[in-house]
*Asks:* 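Next up is a structure, given as structure tokens.
Atom set for the values below is all heavy atoms of this structure, side chains included, hydrogens, waters and symmetry mates excluded.
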Amino acid sequence: MLRDAIQTTHLVPWQSVKRWADSFVKQGPPAYKENSDTEQLWQREVGNKQPFLAIAYLLTGDKTYRDAAARWALASCSYPTWGLGSYANSDLAAGHQLFGLALVYDWLYGALETEERSAIRNTLIARGRLMHTAATSKMYWRNSFLQNHLWVNVTGLAAAGLALFDDPEAGGETMEWIALALEKMRRTEAALGPDGASHEGVAYWTYGVEYMLKFWRLAEALLGQDLHSEWWQHTAAYRLYMSVPRAAWTRTNLIVDIADGPRVDWYGPDFLLRDLARRFRDPQAQWLAAELESRGFTQYSAAWLNLLWYDPTLQPEPPEGLRPWKHFKDMDIVSTRSDWSGNESLVVFKCGPAIGRKATMEFDYDPGGGHVHPDSGHFVLFGAGEWLIRDDQYAWKLTSHHNTLLVDGKGQLGEGAQWFRTIEAIRQRANPRIISVEASEEVDRISGDVTEAYPPALGLKRFVRHLLFIKPDVLVVVDDIETGGANNLELRFHPENRGEWNKDEHVFRAQGKTSALRLELLTPSGVTVWAGDAEGRDRSGQTMSLYAVRMAASGPVWCNAVALSWGPSGEEPVKVQFRPERDQWVFDAGGRTAAVEWTSGG
């Protein structure tokens, strides 16, 4: 049936898979090497490429692909280790290798020579045993039910077990591998929040979802088990709403980069979206997969899954019929845009518990929050075709890197290391939260209480942030802060582009390639402002600089308003007029008005 489909409904994905398979035939497997990368992550690609060659042989019968698949598989078997030191045969390199080898062994079993089959079998058994030990007693990730390492590794283990389950010598043992993987994935299902968002960020979402879906498709077909968490029903929407406006898509600019990761998908996401679309009859997920594929903005990693997961009976629908905002309530992330035209403005506001409310309240240890940032109350802004206010991407975990508050130079629970210290937030049951979301065609009003994200010892009594998105080109940020004394308070804003601060106007201006940004302090009394490089740390802990507009004042009470407006490069964005009243602050952007009503402060 699939052999027929690749001539019709599946022709486009097949052409892509064949191109990749042909390139891997020519390329050949890499020789084993050791360097400073103790994880040996280069081996992930060895595992990733083998299924392309195997499926190409199954669909064409061309022995060239069979020979290449065997050559890549035997190279994998010949490597003395998959990972070095504590990572040896027990982490990501091994997870990828086990999965790729298992598919070659199962799919090409009858086509392999006896010696080839034996070498692959023996490697799967030997390395599967080591991974099983890692997953039961050895490795840090063995109970990290919300972390990509566990998902990748137990999927590789399960694939190896399923490929060997009827082996007369190893079958009984490998059933234990399968049972362990199923138990851990069930624990993950129970731990996932209901909203579909990822605490690890969109780039890691693509990685984790790929391996979780691989596992559940195998479990569905061979074990009669399937995923059941409500999270899955909403997670395609997470990828959709975290997309940048599509007129601005490039090879380096596709997604909102909150948490660790770049502005592009690492894996897929076309085949991920297609499986989710198939499962939940989601026409927007089907559309997004096709749109990314047609414009060449997908990653090859497991593109062969498009052949297995694409359902051509589901018609794609663009997102114009969806509301332009979405609140992911467990992670408390709000994504809102002016429209779905492709040239819209986009605001994303994060104000929730580090690993989501459900997990923060249920776990007594860190289940996998290392890629979280200490960034509650943080927002990013995209408009006029490019980023205006940015995230720090993959970096040391410091609140000072983000567009939020510092108290006496210090940030939020969990900061100060290469990996987020999730246990600090869990011990406090820290619950920063979105208070309200009110959306309309003209103005979106979003409020969040950030207070509990900070260590109690800092004495922060209140930090409530209000965002007024006056569509399509104005964002007003109002902060209501109270401390226990005369603390030094600092708000940071990180523009994408450098600019100049005009102290007389209280205005920062920056020009990008396509945009002009205007950032005005509307409440300058008692506030010191400067713009320039601030010291930060990259992902390895080395010093780096982040350009920032910094606003400082002293407690115990600081009520602050900043207006950001934007437009085409070379033009002056709209000026926002500010009118404080007894119980509200009113903002006017060229006749468009919005207000923040005070229940405290002011």
Side-chain angles (χ1 to χ4, degrees), residues 47-48 51 55 92 95-96 98-100 102-103 106-107 128 131-132 135 141-165 174-198 200 204-239 266-282 285-286 289 301-311 314 359 367-368:
N48 291 349
I55 201 169
L92 297 177
H96 285 248
L98 283 172
F99 188 87
L103 264 60
D106 185 71
W107 288 358
M131 182 63 86
H132 182 257
W141 51 260
R142 65 187 183 277
N143 292 319
S144 296
F145 300 111
L146 293 176
Q147 216 248 9
N148 64 83
H149 286 248
L150 182 142
W151 304 331
V152 171
N153 296 332
V154 301
T155 297
L157 180 64
L162 290 165
L164 294 165
F165 86 99
T174 61
M175 289 304 292
E176 295 179 12
W177 305 355
I178 298 166
L180 179 69
L182 182 61
E183 185 269 334
K184 290 188 182 294
M185 282 298 195
R186 283 289 182 220
R187 292 285 299 276
T188 289
E189 288 281 289
L192 291 168
D195 64 359
S198 170
E200 292 196 313
Y204 272 111
W205 173 91
T206 65
Y207 191 24
V209 167
E210 174 178 323
Y211 276 83
M212 285 192 284
L213 286 178
K214 283 176 174 176
F215 175 85
W216 286 116
R217 285 304 296 269
L218 289 173
E220 178 185 11
L222 300 175
L223 304 175
Q225 302 284 330
D226 203 358
L227 51 83
H228 65 269
S229 171
E230 184 183 351
W231 186 87
W232 290 104
Q233 300 175 36
H234 307 290
T235 200
Y238 172 71
R239 175 58 182 82
W266 275 328
Y267 293 81
D270 46 344
F271 50 88
L272 310 176
L273 293 164
R274 282 176 168 143
D275 192 40
L276 294 167
R278 178 195 65 83
R279 288 176 180 272
F280 302 109
R281 312 313 295 171
D282 183 340
Q286 190 86 321
S301 60
W304 53 272
L305 285 168
N306 281 308
L307 298 173
L308 305 179
W309 291 358
Y310 172 50
D311 179 358
L314 177 62

*Asks:* Going by ring pair (Phe, Tyr, Trp, His ring centres under 6.0 Å), name the residues that satisfy it together with Phe215, two or more places apart in sequence or in a different chain.
*Replies:* none

*Asks:* Answer whether the closest heavy-atom distance between the side chains of Pro51 and Ile55 falls below 4.5 Å.
*Replies:* no

*Asks:* Ignoring hydrogens, what is the shortest heavy-atom contact between Ser301 and Gly268? Give both atom names and the distance.
*Replies:*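 What the structure gives for the nearest pair is OG-N, 3.6 Å.
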
*Asks:* Keeping Gln286 on the side-chain end and Ala277 on the backbone end, is there a donor-acceptor pair under 3.5 Å?
*Replies:* no

*Asks:* Quick one: CG on Leu180 to OG1 on Thr174, what's the gap to the nearest 0.5 Å?
*Replies:* 12.5 Å

*Asks:* Rounded to the nearest 0.5 Å, how far does CG of Asp270 lie from OG1 of Thr206?
*Replies:*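 So the gap between those two atoms works out to 11.0 Å.
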
*Asks:* Please report the C-alpha distance between Trp216 and Trp309 in whole Å, then the side-chain angles of each, then the deciding distance to 0.1 Å, and finally whether the ring pair (Phe, Tyr, Trp, His ring centres under 6.0 Å) criterion is met.
*Replies:* CA-CA 12 Å; Trp216 286 116; Trp309 291 358; over 10 Å; no

*Asks:* Which heavy atom of Trp141 sits nearest a heavy atom of Leu150, and at what distance?
*Replies:* O-CD1, 3.2 Å

*Asks:* Shortest non-hydrogen contact from His234 to Asp195?
*Replies:* CB-O, 3.2 Å

*Asks:* Do Ser198 and Tyr238 come within less than 4.5 Å of each other through their side chains, counting heavy atoms only?
*Replies:* yes

*Asks:* Testing Arg281, Arg278, Arg274 for salt bridge (charged side-chain N to carboxylate O under 4.0 Å, His left out) with Asp311, which one passes?
*Replies:* Arg281

*Asks:* Applying side chain to side chain contact (heavy atoms under 4.5 Å, CB included), run through Lys184 and Asn143 and close with a yes or a no.
*Replies:* CA-CA 8 Å; Lys184 290 188 182 294; Asn143 292 319; 3.9 Å; yes

*Asks:* Within the side chain of Ser144, is there an N or O that forms a donor-acceptor pair under 3.5 Å with the backbone of Leu146?
*Replies:*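 No; zero donor-acceptor contacts below 3.5 Å.
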
*Asks:* For a ring pair (Phe, Tyr, Trp, His ring centres under 6.0 Å) with Tyr267, tell me which candidate from Tyr207, Trp205, Tyr204 qualifies.
*Replies:*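 The ring pair (Phe, Tyr, Trp, His ring centres under 6.0 Å) with Tyr267 is passed solely by Tyr207 among Tyr207, Trp205, Tyr204.
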
*Asks:* I need the Met212 CE to Thr235 OG1 distance, nearest 0.5 Å.
*Replies:* 7.5 Å

*Asks:* Please find the pair of heavy atoms, one from Arg142 and one from Ala135, that lie closest to each other, and give the distance.
*Replies:*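 What the structure gives for the nearest pair is CB-O, 3.3 Å.
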
*Asks:* Under a 3.5 Å distance rule, please check whether Lys214 uses its side chain to pair with a backbone N or O of Val209 as donor and acceptor.
*Replies:*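 Answer holds: no.
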
*Asks:* Could you grab the distance from atom CG of Leu314 to atom CG of Asp282, nearest 0.5 Å is fine?
*Replies:* 7.5 Å

*Asks:* Hey, are Gln233 and Arg279 close enough side-chain-wise for a donor-acceptor pair under 3.5 Å?
*Replies:*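 Short answer, no.
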
*Asks:* How long is the gap from CD on Gln225 to CE on Met185, to the nearest 0.5 Å?
*Replies:*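 The CE atom of Met185 is 13.0 Å from CD of Gln225, to the nearest 0.5 Å.
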
*Asks:* Measure the CG-CG distance between Leu223 and Leu182 for me, rounded to the nearest 0.5 Å.
*Replies:* 6.5 Å

*Asks:* Flag the pair Arg217 and Asp275 as a salt bridge only when some basic side-chain nitrogen lies within less than 4.0 angstrom of an acidic carboxylate oxygen.
*Replies:*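 Salt bridge between Arg217 and Asp275, a charged N being under 4.0 Å from a carboxylate O: yes.
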
*Asks:* Quick check: closest heavy atoms across Glu200 and Gly368, and the distance to 0.1 Å?
*Replies:*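 Nearest pair, atom of Glu200 first, then Gly368: OE2-O, 4.2 Å.
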
*Asks:* Answer yes if the side chains of Trp232 and Glu189 hold a donor-acceptor pair under 3.5 Å, and no otherwise.
*Replies:* yes

*Asks:* Please tabulate, for side-chain N and O atoms in residues 151-165, each donor-acceptor pair with protein atoms closer than 3.5 Å (sequence neighbours left out).
*Replies:*
from, atom 1, to, atom 2, distance (Å)
Trp151, NE1, Phe145, O, 3.2
Trp151, NE1, Thr188, OG1, 3.2
Asn153, ND2, Asp91, OD1, 3.0
Asn153, ND2, His149, O, 2.9
Thr155, OG1, Trp151, O, 2.7
Thr155, OG1, Tyr211, O, 3.0

*Asks:* Looking at Gly95 and Met131, what are the two nearest heavy atoms and their distance?
*Replies:*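 Closest pair (atom of Gly95, atom of Met131, distance): N-CE, 3.6 Å.
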
